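Heads up: the structure comes next, in structure tokens.
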Amino acid sequence: MSKRKVPVRAAAVVAPVVEREPRPPVEAIRAAAFSQFAERGYPVVTVRDIMKACGLTQGALYNHFKSKDELLHDIIASTQAELERICLQAVAGAGADPRAKLAAFVRAYVVRHCRLRIEALVANREISWLDAEQVGDIRRSRRAIRDILVGVLVQGKEAGLFDPPQIDGRSDLKSVAMALLDQCTHISLWYVPGGRMSEEQMGRLYADMALRSVGAKVG
């Protein structure tokens, strides 16, 4: 009598576990520093606090930064440089019409300040703790951003497309640019994600207000 063959089941194929690549230590340190400085203020936060927040040892910080001061300068300078790049890109991609350039600049600036509120808060509040040379680096970038905006306003006025406010018979476009930038920057102090308006809607709203502020011609 032959024995009945029992079919052999194939071994279950277990998919290998794919681990998410961890954030590079330097980026983890920067993120923790932004969070800690925003929540508690630069003077109070220690290196130990930052490293504990990102799950690294104190020695890991000194592989990338000489001190807490250098870390503060790095995170402010990096976010400022990225903002400058975004503003340049927005204007360059908006075409020849100064109205489109102004709208694109303001949308990009506002959306970033809505999206990266903590970074904006730290960059604007904690800059006073940097030394004069470090502050100079940040201010050069801020002037570059202002000058991008001034250039757009000049183009619009010379083309007869902008009619900005005048004081004593003349327009001070640098002051107008600074007023617009102040307005856009301070959205980071009060905007809350998930509210009535999205980041993109806020960007469009502020762009419309900016165009109205400089008397942009319709059409």
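Note that this is a predicted model, so its numbers are computed, not measured.
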Determine whether Arg30 and Phe65 make a side-chain contact, defined as any pair of heavy atoms from C-beta on separated by less than 4.5 Å.
yes
At what distance, to the nearest 0.5 angstrom, does CD1 of Ile29 lie from CD1 of Ile75?
11.5 Å
Look at the side-chain heavy atoms of Ile, Leu, Val, Met, Phe, Trp and Tyr, link any pair under 4.5 Å apart, and say whether Val47 and Val44 land in one connected group.
no
Assigning hydrophobic clusters by single linkage (Ile, Leu, Val, Met, Phe, Trp, Tyr; side-chain heavy-atom cutoff under 4.5 Å), is Val106 placed with Tyr191?
yes
Using the side-chain contact (heavy atoms from CB on, under 4.5 Å) rule, take Asp69 and Asp131 through it: C-alpha gap first, then chi angles, then the decisive distance, then the call.
CA-CA 9 Å; Asp69 290 352; Asp131 64 34; over 6 Å; no
Does one hydrophobic cluster hold both Leu189 and Met202, with members joined at side-chain heavy-atom distances below 4.5 Å?
no
Is the cationic atom of Lys68 (NZ for Lys, CZ for Arg) positioned less than 6.0 Å from the six-membered ring centroid of Tyr42 and within 45 degrees of its normal?
yes
Got a sec: does the CZ of Arg40 have more than 12 other heavy atoms crowding it under 6.0 Å?
yes
Thr185 backbone acceptor or donor facing Ser188 side chain under 3.5 Å
yes
Would you say the side chains of Thr79 and Glu119 form a donor-acceptor pair under 3.5 Å?
no
Pairs under 3.5 angstrom only: tabulate donor-acceptor contacts from the side chains of residues 169-178 to other protein residues two or more places apart or in another chain.
unit_1	atom_1	unit_2	atom_2	d
Ser171	OG	Pro165	O	3.2
Asp172	OD1	Lys174	N	3.3
Asp172	OD1	Ser175	N	3.2
Asp172	OD2	Ser175	OG	3.0

Measure the spacing between CD1 of Ile187 and CD of Glu199 and express it to the nearest 0.5 Å.
9.5 Å
CD of Gln166: more than 12 outside heavy atoms within 6.0 angstrom?
yes
In this structure, CZ of Arg204 is separated from CZ of Arg107 (nearest 0.5 Å) by 8.5 Å
N/O donor-acceptor pair under 3.5 Å between Ser35 side chain and Ala31 backbone:
no
Would you compute the distance between atom CD1 of Ile127 and atom CG of Leu72 and round it to the nearest 0.5 angstrom?
8.5 Å
Indicate yes or no: does Asp208 engage Arg212 in a salt bridge with an N to O separation below 4.0 Å.
yes
side-chain contact (heavy atoms from CB on, under 4.5 Å) involving Ala81 - partner list, sequence neighbours excluded:
none
Would you give the length of the straight line joining atom CG of Leu83 to atom CZ of Arg112, rounded to the nearest 0.5 angstrom?
6.0 Å
Any salt bridge linking Glu200 with Arg115? Criterion: basic side-chain nitrogen under 4.0 Å from a carboxylate oxygen.
yes
Distance in Å, Phe105 CZ paired with Leu149 CG, rounded so as to fall on 0.5 Å steps
4.5 Å
